[in-house]
Amino acid sequence: MAKKSAIQKNIRRRRLVEKYAAQRSELKAILANPETSDKEFFTAQRKLSKLPRNSSAIRVRNRCAVTGRPRAYIGRFGLSRLTFRELALDGKIPGVTKSSW
């Protein structure tokens, strides 16, 4: 089990990302547009840098939904490999069977 503080910090980051997603996308669109004037570009850049760092989606860490483990994350299921294996062997994940050949 991961530290509860690390899990909570990640949850706060996810909330910030949701809160500022629209603002960020508008500012990034201005920056990506080649027809933007220099003045508009620099004001958009300044506004983007004023937003909280944790509002960037890249700062959110993928964590297991059950244990909070940050490594060996399987995105399709939202679980770490260890939790995934336990649940799959118990038959709690529908459609997943142990392969053998």
Side-chain angles (χ1 to χ4, degrees):
M1 188 82 183
K3 287 173 56 174
K4 290 185 180 182
S5 61
I7 294 170
Q8 291 304 315
K9 187 185 293 186
N10 206 40
I11 291 170
R12 281 195 305 272
R13 283 183 179 152
R14 285 187 192 275
R15 283 195 208 120
L16 272 177
V17 168
E18 289 174 16
K19 182 178 177 183
Y20 289 101
Q23 252 182 327
R24 266 188 174 292
S25 63
E26 288 172 10
L27 292 172
K28 287 199 174 228
I30 293 170
L31 294 175
N33 187 359
E35 286 132 23
T36 304
S37 68
D38 287 344
K39 188 174 182 179
E40 290 174 349
F41 181 88
F42 291 122
T43 55
Q45 198 174 35
R46 196 172 303 115
K47 286 179 183 178
L48 190 63
S49 69
K50 294 278 185 188
L51 293 178
R53 277 188 172 185
N54 286 336
S55 67
S56 174
I58 201 75
R59 293 178 68 101
V60 175
R61 184 80 161 118
N62 288 330
R63 290 185 172 271
C64 175
V66 177
T67 61
R69 179 183 164 88
R71 297 183 181 221
Y73 177 79
I74 303 171
R76 183 174 178 185
F77 298 97
L79 301 170
S80 69
R81 65 179 176 85
L82 303 171
T83 310
F84 174 78
R85 185 167 190 267
E86 288 174 8
L87 294 177
L89 290 175
D90 290 343
K92 295 183 180 172
I93 302 175
V96 176
T97 56
K98 187 175 184 299
S99 67
S100 59
W101 56 90

Quiz item: Listed by chain and number, what are the side-chain hydrogen bond (donor to acceptor under 3.5 Å, both in side chains) partners of Arg59, not counting sequence neighbours?
Solution: Asn54
Practice problem: Enumerate the residue pairs fulfilling side-chain hydrogen bond (donor to acceptor under 3.5 Å, both in side chains) with a member in residues 78-101, sequence neighbours excluded, ordered by first and then second residue. | Solution: Ser80-Thr83
Quiz item: Within the distance-only criterion (no hydrogens, no angle test), does the side chain of Ser25 pair as donor or acceptor with the backbone N or O of Ala22 below 3.5 angstrom?
Solution: yes
Quiz prompt | Test side-chain hydrogen bond (donor to acceptor under 3.5 Å, both in side chains) applied to Arg24 - qualifying residues, sequence neighbours left out | solution = Ser55
Quiz item: Which residues satisfy the side-chain contact (heavy atoms from CB on, under 4.5 Å) test with Ala29, sequence neighbours excluded?
Solution: none
Exercise. Could you state whether Leu16 and Leu51 fall into the same hydrophobic cluster, counting links through intermediate Ile, Leu, Val, Met, Phe, Trp or Tyr residues with side-chain heavy atoms under 4.5 angstrom apart?
Key: yes
Practice problem: Provide the full list of side-chain hydrogen bond (donor to acceptor under 3.5 Å, both in side chains) pairs with a residue in residues 66-77, sequence neighbours left out, each pair given once. | Solution: none
Tabulate below the donor-acceptor pairs under 3.5 Å that side-chain atoms of residues 1-8 make, not counting sequence neighbours, or state none.
none

Exercise. Sorted by first residue and then second, give each ring-ring contact (aromatic ring centres under 6.0 Å, His included) pair with at least one member in residues 33-68; sequence neighbours left out.
Key: none
Quiz item: Considering all heavy atoms of both residues, which atom of Leu31 and which atom of Ala44 are nearest to each other, and what is their separation?
Solution: CD2-CB, 4.1 Å
Self-check item: Atom pair OG1/CD of Thr36 and Gln45 - distance to nearest 0.5 Å
Solution: 11.5 Å
Quiz prompt | All side-chain contact (heavy atoms from CB on, under 4.5 Å) counterparts of Glu26, not counting sequence neighbours | solution = none
Quiz prompt | Under the side-chain contact (heavy atoms from CB on, under 4.5 Å) test, residues paired with Ala21 that sit two or more places apart | solution = none
Self-check item: Reported CG-to-CD1 distance for the pair Leu48 and Ile30, which is rounded to 0.5 angstrom
Solution: 10.0 Å
Self-check item: Remaining members of hydrophobic cluster (4.5 Å side-chain criterion), Phe77
Solution: Val66, Ile74, Leu79, Phe84, Leu87, Ile93, Val96
Exercise. Could I get the full list of side-chain contact (heavy atoms from CB on, under 4.5 Å) partners for Lys9, not counting sequence neighbours?
Key: Arg12, Arg13
Quiz item: When clusters are formed from ILVMFWY side-chain contacts under 4.5 Å, directly or step by step, what else is grouped with Ile58?
Solution: none
